[in-house]
Amino acid sequence: MTALHQHVTQRQWLAELKLSIESRAGRTILAQSHHFGPLRIQKLLYPEGPQCAQALIIHPPGGIAAGDQLKIDVSVAPAADIQLTTPGATKWYRCQTAISEQDIQMTIGDNAYLEWLPQESIYFDGARTRQSISVNCHERGSTCGWEMTVLGRRQSGETFKQGRLRQSIKINRQGKLLWHERVALEGSDPLLKSVIGWRDRHVSATLWALGMAADDSLIEACRAINISGVMIGLTRMDNGLLLARTLAHDVESTHKAMTALWSCLRPALCGRAAMPPRIWAT
């Protein structure tokens with residue numbers, strides 16, 4: 001029993017999901033799946049053939065409330081190839097005192113490929129959250145992932161006036177840190193309106209891609225993407241990591257921008273054209 005298991009109370013959801021993905025006889029399989037609390041993975045699907053699997057990570061409560069702690073650990077063995085997404089937005093509810101937390105760890109072996117493509121995270125006014133994403137990629141592994149952040153429920157007239165958002169994203173290659181970004185936002189933070197911050201937009205997204213030859217033509221193709229109402233910036237780092245960022249007023253256009261960027265990069269990452277998960281269309 002882990003320390004997380006020992007602190008279960010009736011007022012909070014504590015959940016763990018640990019996945020081991022392997023390749024056997026040319027087929028990507030779910031070799032091991034351990035869960036505690038309300039986190040599950042649905043059966044693997046193979047719309048692109050046996051080598052590439054798709055799966056949904058399910059959090060039945062549908063939202064993360066005060067004191068909730070979620071842990072997801074994904075290990076992709078050499079030669080395995082998997083795409084993970086979620087069936088809907090992750091909702092971070094208002095918290096009075098306790099902090100809501102989510103920790104995601106991903107390890108990608110040599111010649112393995114992992115896509116982490118969750119739907120957006122919506123932070124309700126008054127949410128107090130801490131989220132960490134850590135990607136550890138072996139020397140010949142590849143990965144593409146994103147995080148989409150929505151502050152407040154604008155369709156309900158809600159902005160992010162109160163609360164706290166703490167977010168950390170780390171990308172490592174063979175134990176060496178390539179990039180580490182930390183976000184620290186308070187409700188009504190001046191950075192939300194600043195021209196060097198969110199520019200009065202409430203939807204932000206970050207995409208990372210590692211494990212491809214990002215030549216000038218690929219970079220230019222990404223920079224040519226034009227989605228109405230979305231600001232897109234691209235950074236190619238000397239260590240082989242490619243980053244894309246967006247700012248927008250709405251979630252739908254952000255989805256379009258992220259999907260367009262991913263579709264442009266995917267052939268260089270895994271040699272296949274983009275095939276969006278069917279759940280995105282529902």
Side-chain angles (χ1 to χ4, degrees), residues 21 52 54 57 72-76 80-86 90 102-121 131-150 165-183 203-216 218-223 225 227 230-248 254-272 274 276-277 280:
I21 311 296
C52 177
Q54 289 184 359
I57 291 181
I72 298 172
D73 189 322
V74 181
S75 177
V76 186
D81 186 329
I82 189 162
Q83 178 189 93
L84 296 172
T85 186
T86 57
T90 298
Q102 180 173 257
D103 178 62
I104 300 168
Q105 303 279 335
M106 294 176 277
T107 303
I108 302 104
D110 283 330
N111 302 312
Y113 180 53
L114 168 65
E115 290 182 334
W116 176 256
L117 309 176
Q119 302 205 52
E120 70 273 11
S121 296
Q131 183 190 43
S132 65
I133 300 172
S134 180
V135 181
N136 301 286
C137 199
H138 283 230
E139 188 63 35
R140 293 184 298 277
S142 302
T143 182
C144 184
W146 65 42
E147 177 63 24
M148 291 185 280
T149 300
V150 184
L165 169 61
R166 298 290 185 268
Q167 187 181 82
S168 168
I169 304 177
K170 291 182 181 180
I171 309 292
N172 297 275
R173 168 73 91 183
Q174 202 69 24
K176 180 181 179 181
L177 181 64
L178 303 183
W179 176 66
H180 183 194
E181 177 173 272
R182 299 174 65 183
V183 175
V203 185
S204 172
T206 299
L207 176 147
W208 64 85
L210 179 65
M212 63 185 178
D215 59 21
D216 290 344
L218 181 59
I219 298 298
E220 290 306 313
C222 289
R223 286 179 173 157
I225 293 171
I227 306 296
V230 183
M231 302 176 64
I232 301 176
L234 209 67
T235 303
R236 176 173 53 180
M237 301 178 67
D238 291 340
N239 55 29
L241 181 64
L242 183 72
L243 299 170
R245 304 172 188 275
T246 68
L247 280 172
T254 300
H255 269 283
K256 289 180 180 178
M258 287 287 103
T259 302
L261 288 163
W262 166 68
S263 299
C264 190
L265 296 170
R266 197 177 199 239
L269 283 162
C270 67
R272 296 189 305 275
W280 291 359

Assess whether side chain to side chain contact (heavy atoms under 4.5 Å, CB included) is satisfied between E139 and D110, documenting all intermediate values. CA-CA 6 Å; E139 188 63 35; D110 283 330; 4.1 Å; yes
Take M258 and L207 through the side chain to side chain contact (heavy atoms under 4.5 Å, CB included) test and state the conclusion after the steps. CA-CA 7 Å; M258 287 287 103; L207 176 147; 4.0 Å; yes
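Contact annotation: the side chain of Q167 never approaches that of R182 to less than 4.5 Å [non-hydrogen atoms, C-beta and beyond]. Side-chain contact check for P267 versus R272: every heavy-atom pair is 4.5 Å or farther apart. The shortest side-chain heavy-atom distance between W116 and M106 falls under the 4.5 Å cut-off. Using a 4.5 Å cut-off on side-chain heavy atoms (C-beta onward), L234 and L243 make no contact. Counting heavy atoms from C-beta outward, T107 and V74 have side chains that stay 4.5 Å or more apart. Using a 4.5 Å heavy-atom cutoff, the side chains of N136 and Q105 are in contact. Within the 4.5 Å cutoff, no side-chain heavy atoms of Y113 are placed close to those of I82. The shortest side-chain heavy-atom distance between L265 and L242 falls under the 4.5 Å cut-off.
Under 4.0 Å is where a charged nitrogen must lie from a carboxylate oxygen, and between E181 and R245 at least one such pair does. Under the 4.0 Å criterion applied to side-chain N and carboxylate O atoms, R266 and E115 are assigned as salt-bridge partners.
Here the CD1 atom belonging to I72 is positioned 4.5 Å from the CD1 atom belonging to I57, to the nearest 0.5 angstrom. Remark: L177 CG to K170 NZ distance equals 7.0 Å, nearest 0.5 Å. The distance from atom CD1 of I108 to atom CG of L210, rounded to the nearest 0.5 Å, is 8.0 Å. Atom CG of L269 sits about 11.0 Å away from atom CH2 of W262, to the nearest 0.5 Å. Rounding to the nearest 0.5 Å gives a distance of 10.5 Å between CG of L241 and CG of N172. A distance of 11.0 Å separates OG1 in T246 from CD1 in I225, rounded to the nearest 0.5 Å.
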Which atom pairs, donor and acceptor, lie under 3.5 Å between side-chain atoms of residues 143-150 and protein residues at least two apart or in another chain?
residue : atom : partner : partner atom : Å
T143    : OG1  : L114    : O            : 3.0
W146    : NE1  : P118    : O            : 2.6
E147    : OE2  : S121    : OG           : 3.0

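The shortest non-hydrogen separation linking S142 to C137 is N-SG, 3.7 Å.
Screening residues 230-240 for side-chain hydrogen bond (donor to acceptor under 3.5 Å, both in side chains), with sequence neighbours left out, gives D216-R236.
Among residues two or more places apart in sequence or in another chain, the side-chain hydrogen bond (donor to acceptor under 3.5 Å, both in side chains) test is passed with D73 by none.
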